[in-house]
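A short write-up of the structure that comes next.
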Protein chains: 2
Amino acid sequence: MRRSERKIERIINYRRVLIKLERAGETNIFSHQLSALTNATPAQIRRDLMEMDTSGSPAHGYVVKDLIKSINNYIGADKEQVAIIGLGNLGKAITNYVNGSSENLKIVAGFDIKSEKVNRVVAGCHSYHLQDFEKIAKERGIKTVILTVPVRVAQDVAEQVTKAGVRGILNYAPVNLHLSDDIYVENRDMISAVEKVAYFSDH
Amino acid sequence: MRRSERKIERIINYRRVLIKLERAGETNIFSHQLSALTNATPAQIRRDLMEMDTSGSPAHGYVVKDLIKSINNYIGADKEQVAIIGLGNLGKAITNYVNGSSENLKIVAGFDIKSEKVNRVVAGCHSYHLQDFEKIAKERGIKTVILTVPVRVAQDVAEQVTKAGVRGILNYAPVNLHLSDDIYVENRDMISAVEKVAYFSDH
DNA sequence: CTCACAATGTGAATCTTTTCACACTTGAAA
DNA sequence: TTTCAAGTGTGAAAAGATTCACATTGTGAG
Ligand SMILES: NC(=O)c1ccc[n+]([C@@H]2O[C@H](COP(=O)([O-])OP(=O)(O)OC[C@H]3O[C@@H](n4cnc5c(N)ncnc54)[C@H](O)[C@@H]3O)[C@@H](O)[C@H]2O)c1
Ligand SMILES: NC(=O)c1ccc[n+]([C@@H]2O[C@H](COP(=O)([O-])OP(=O)(O)OC[C@H]3O[C@@H](n4cnc5c(N)ncnc54)[C@H](O)[C@@H]3O)[C@@H](O)[C@H]2O)c1
């Protein structure tokens, strides 16, 4: 049975916050404290954590270190190797951001087709021509890509990378991709996001 | 009763796609065609459109022009005036993108505190010092802001702008904001997004 | 040692969202 | 005309997500 997207999102968030807490020297945490840091209700947090293999104690809550371990165990601990395609404004900004702050993943390669964007280094990540994608993706075991290419090429590029073994795409181009339905696609359109907030600001 | 966030998101998406279709000269569309362009199922689209004041015909589907009008009517047609706070890499990229491609909203002012970011023009949008926020927000009727400031100041800035009348925030800083609960906050964290896709690439 | 407390773990209830399935509509073709 | 094919509109069922509420538990104060 496929796990719920909503729940996975929340759990990823808990982990992120917990890692920060651990850094800050916190050893224990109650569900209502985690709630304040993540926007999930205490009851929901307890329910989410139910299927982890750690449990909390009424007196001291959850042990931060154990919880991180359990979450890693639940969703996977390996530092994910991802690639980004399209090294324009957005692509560069994301690469810098992700490689500068993520604990759990790294953008290990960038791809573009413009010669001046190829063979550079951005945020510790080398850039290649897209035609080398398959080779490098195989070498590095890349299964996930971030797509920040212009709309008009997004579908083609998506097909190309999935043929090379990619199984999940985070798509920032405002277009609906058509791919085999065992490929996971998440669309993140900033304009829709702002429109949504604007709507709820008024309602 | 507050409308469902999911549904509003889908409807905003339909509108976006319909506007493109109208530009391209399409006059009519069936639910299954809209489905291919938006990722919602035909049944879901029909259900969403039920509460619009247009209806489709079995032979010709929906009239694109009418549908856009009905959606505008349902969620609001005014071109929303929004502001962006924090004109760093991400802030500039978003401003350019939104002002370059959105039909339904415009970023009309940018704010920062660094003197070299103030009193410039980015994508047709003037930048001001944050201390002038209240004045300008009142003048322009700004109710929605995009927050792209560093984490450490995000909570303060959020409090400041909500005191000045802002009712909705699209927050890109990876921190959970604590505000009065009639303020709508949407968090968009790119790292969580990539982690989620990476998870589902493997599962 | 015992009590009171504050928090956990969780079955059940509730609330929300999506899908199903089919009667109904429209227009074109025979 | 009548029939047929392909869509719409929608009540009802199903699936999914969240919240409730409370028995249970571990701890520290008295
Ligand atoms: N700038 C933003 O804030 C922003 C926000 C949301 C979405 N987007 C979307 O993200 C995409 C990129 O935006 P951007 O502002 O970075 O644009 P950009 O033009 O700065 O960058 C696009 C990059 O993709 C490269 N490219 C073009 N064709 C390619 C191909 N076939 N294979 C590989 N690379 C290719 C280009 O060389 C360029 O470097 C666009 O679809 C845009 O609509 C941008
Ligand atoms: N770069 C990315 O792709 C990216 C992606 C996701 C999230 N983020 C987050 O978005 C935020 C901005 O990222 P960035 O890369 O653009 O950083 P940046 O440092 O380039 O930009 C931050 C801007 O905010 C301004 N600022 C600082 N304090 C301010 C204040 N009190 N009021 C108004 N403006 C203020 C700074 O002067 C600067 O211009 C950060 O929280 C970052 O974590 C960035």
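Residue numbers start from 1 in every chain, and the chains themselves are labelled A, B, ... in the order their sequence lines are given, proteins ahead of strands.
- Ring geometry, B/F200 versus A/Y184: the interplanar angle falls under 30°, so the pair is classed parallel (tilted spans 30 to 60°).
- Here D/dG9 presents its C1' atom at 13 Å from CG of B/D48, a figure rounded to the nearest Å.
- Whole-Å rounding puts the B/Q44 CD to C/dA21 P distance at 17 Å.
- Among the atoms of the strands shown, only primed sugar atoms or phosphate atoms (P, OP1, OP2) are found under 4.0 Å from some heavy atom of A/R10.
- Contact check, B/S4 against C/dT17: a side-chain N or O comes under 4.0 Å of OP1 or OP2.
- Contact annotation: A/S31 reaches the phosphate of C/dT8 (side-chain N/O to OP1 or OP2, under 4.0 Å).
- Using a distance-only test at 3.5 Å, with no hydrogens or angles considered, a donor-acceptor pair links the side chain of A/D112 to the main chain of A/L87.
- If you find the closest nucleotide of DNA chain C to A/H32 and to B/P58, the one lying nearer the 5' end belongs to A/H32.
- Rounded to whole angstrom, the span from the CD1 atom of A/I29 across to the C1' atom of C/dA7 amounts to 14 Å.
- Side-chain proximity of A/H60 to the nucleotides D/dG28, D/dT8, C/dT18 is greatest for D/dG28.
- For B/R46, the side-chain atoms get nearest to D/dT8 when compared with the rest of D/dT8, C/dA7, C/dG27.
- The shortest distance between the side-chain N/O atoms of B/S55 and the OP1/OP2 oxygens of D/dT8 is not below 4.0 Å.
- We find that CZ of A/F30 is positioned 6 Å from P of C/dA7, with the value rounded to whole Å.
- We find that CE of A/M52 is positioned 16 Å from C1' of C/dT10, with the value rounded to whole Å.
- Rounded to an integer number of Å, the gap from A/K7 NZ to D/dA17 C1' is 10 Å.
- For the pair B/L67 CG and D/dG7 P, the computed distance is 17 Å after rounding to whole Å.
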Go through it in stages, so that I can follow the logic: the residues are A/N171 and A/R188, the test is side-chain hydrogen bond (donor to acceptor under 3.5 Å, both in side chains), and I'd like the CA-CA distance, side-chain angles, deciding distance and then a yes or no.
CA-CA 6 Å; A/N171 175 36; A/R188 278 289 160 116; over 6 Å; no
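- Considering only side-chain N and O atoms, A/T41 lies under 4.0 angstrom from the phosphate OP1 or OP2 of D/dT19.
- Cation-pi geometry between B/R3 and A/Y199 is not met at under 6.0 angstrom from the ring centre and within 45 degrees of the axis.
- At D/dT8, none of the side-chain N or O atoms of B/R47 fall inside 4.0 Å of OP1 or OP2 (strictly under the cut-off).
- A tilted orientation is assigned to the rings of A/Y128 and A/H126, their planes being inclined by 30° to 60°.
- Side chain of B/A59, nearest nucleotide from D/dG7, C/dG9, C/dT26: C/dT26.
- Computed from coordinates, the B/E51 CD to C/dT18 P distance equals 12 Å when rounded to whole Å.
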